[in-house]
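This report concerns only the one structure given below.
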There are 2 protein chains.
Amino acid sequence: MFSKTTEYALRAAIYIAQEGSENNKISIVAIAKAIDSPQSFTAKILQLLTRDSKVISSVPGPNGGFYMTEAAKQLPVYSILVATGEDITLNKCVLGLDKCSESKPCPMHPRYKSIKKQLLQLFETETIGKLATDAKLGSVFIKN
Amino acid sequence: MFSKTTEYALRAAIYIAQEGSENNKISIVAIAKAIDSPQSFTAKILQLLTRDSKVISSVPGPNGGFYMTEAAKQLPVYSILVATGEDITLNKCVLGLDKCSESKPCPMHPRYKSIKKQLLQLFETETIGKLATDAKLGSVFIKN
DNA sequence: TTTTCAACAGATAAAATTATCCGTATAAAG
DNA sequence: CTTTATACGGATAATTTTATCTGTTGAAAA
């Protein structure tokens, strides 16, 4: 459904929200290990979420690493999708038409409409922190 | 949502179902023009739907081209997704975990579950012919 | 102040996807 | 039978996505 970039971004954010805090920062090495992702590539992706967007915080040097503020943990999953540019993909038409709309729909449009609405609602409603809490409770996993 | 390959495959199949029949075959030139897609690439994709899968029929030579039998028009949209390898994507986990399942779910799994069910149902229920009929009536479009 | 540890930034590389080109095979038309 | 129009197949190229590497910067610890 999403690009690798977005998948790693989501998993990393969930893990950071789960284990990290301002006085317990997580290194990229630990993150890549925890979510089973390519380390360098994941580092690049985290730059999108720190520098560009402000979903994740980071500090270099000894005892440095990544963490999320309590406020950031309340952000919707959708904010990650925006940071990786996936919100555009999500809003696209099933048949790939640029100008598919209510007034000029593709054949799938009326049938897909309500599903797309549910998808957007899901990502806008669900917070990163909520997913992280679930993962911490041990009922769900972010690694194979 | 889908790859370009799948998008072109869907649009092409809908157009062929709409305009083509055993005694009115459509050339690749006409198809690419009608759905506004790169011609050579679309030709390659149609090979997946003719040689490999049997969703679309073809005949070379003068008055040759592509068409769909009435039986093939009754096939679900899902059969196109299978031909382009997209069914795998559709069955993938939101976070990209290979082994996300009911017994070892990712944090998105329980929340995405019902949406995924609707998506699969949509593609399994809807037929290529139905979409083509709608397009022929002029209420929906397969080109920008 | 110096050392050390970790993120940052830019360059580069590998792989997958998207796209084109051209000669060949095939079937119908003349 | 020859010509012609079309799909077929393989090779190749361009672009995008995924991934790695290396040196630099910044902040804390020593």
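Of the two residues contacting DNA chain C, namely A/G65 and B/S3, the nearest-nucleotide position lying further toward the 5' end is that of A/G65. Projected onto DNA chain D by closest heavy-atom contact, A/V59 and A/S40 fall at different nucleotides, the more 5' of which corresponds to A/S40.
Put simply, B/T5 has a side-chain N or O that comes within less than 4.0 Å of OP1 or OP2 on C/dT18. The phosphate of D/dA5 (OP1 or OP2) has no side-chain N or O of B/S27 nearer than 4.0 angstrom. Note on B/Q47: a side-chain N or O is less than 4.0 Å away from OP1 or OP2 of D/dG9.
Taking every heavy atom of both residues into account, A/E126 and A/L131 meet most closely at CG-CD2, 3.9 Å.
Residue contacts for A/K44: at a heavy-atom cut-off of 4.0 Å it reaches a base atom on one of the strands shown. Within 4.0 Å (heavy atoms only), B/L46 reaches no atom of the nucleic acid at all. As judged by a 4.0 angstrom heavy-atom cut-off over every strand, B/I31 is placed among residues making no nucleic acid contact. Looking at heavy-atom distances under 4.0 Å, B/I45 makes no contact with the nucleic acid at all.
Checking C/dT18, C/dC8, C/dA6 against the side-chain heavy atoms of B/F41 singles out C/dT18 as nearest. Residue A/R51 places its side chain closer to C/dA9 than to any other of C/dC8, D/dT18, C/dA9. Of the listed nucleotides (D/dG9, D/dA7, C/dC8), C/dC8 has the atom at the smallest distance from the side chain of A/T50. Of the candidate nucleotides D/dC8, D/dT18, C/dA19, C/dA19 has the atom nearest to the side chain of B/P38. When distances run from any side-chain atom of A/P62 to the nucleotides D/dA28, D/dT6, C/dT20, the shortest one goes to D/dA28.
With rounding to whole Å, A/F66 atom CZ is found 13 Å from D/dG26 atom C1'. Atoms CG (B/N23) and P (C/dA29) sit 12 Å apart, rounded to a whole Å. In this structure, A/L48 atom CG and C/dC8 atom P are separated by 11 Å, rounded to whole Å. When rounded to the nearest whole Å, the span between CD of A/Q39 and P of D/dT18 equals 19 Å. A straight line from CG of A/N63 to C1' of C/dT3 spans 15 Å, rounded to a whole angstrom. For the pair A/I28 CD1 and D/dC21 P, the interatomic distance rounds to 15 Å; values are reported in whole Å. The distance from atom OH of A/Y8 to atom C1' of D/dT20 is 13 Å, rounded to the nearest whole Å. Here the P atom of nucleotide C/dA27 and the OH atom of B/Y67 are 12 Å apart, to the nearest Å.
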- Query: Passes side chain to side chain donor-acceptor pair (under 3.5 Å), A/S37 versus A/T42? Steps please.
  - Reply: CA-CA 7 Å; A/S37 69; A/T42 307; 2.7 Å; yes
- Worked verdict on A/T6 versus A/T84 for side chain to side chain donor-acceptor pair (under 3.5 Å): CA-CA 6 Å; A/T6 297; A/T84 59; 2.9 Å; yes
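Within 6.0 Å of NZ in B/K130 there are 12 or fewer heavy atoms belonging to other residues, nucleotides or ligands.
With hydrogens and angles disregarded, no donor-acceptor distance shorter than 3.5 Å links the side chain of B/K136 to the backbone of B/E19. A side-chain donor-acceptor contact under 3.5 Å links B/R11 to the backbone of A/L95.
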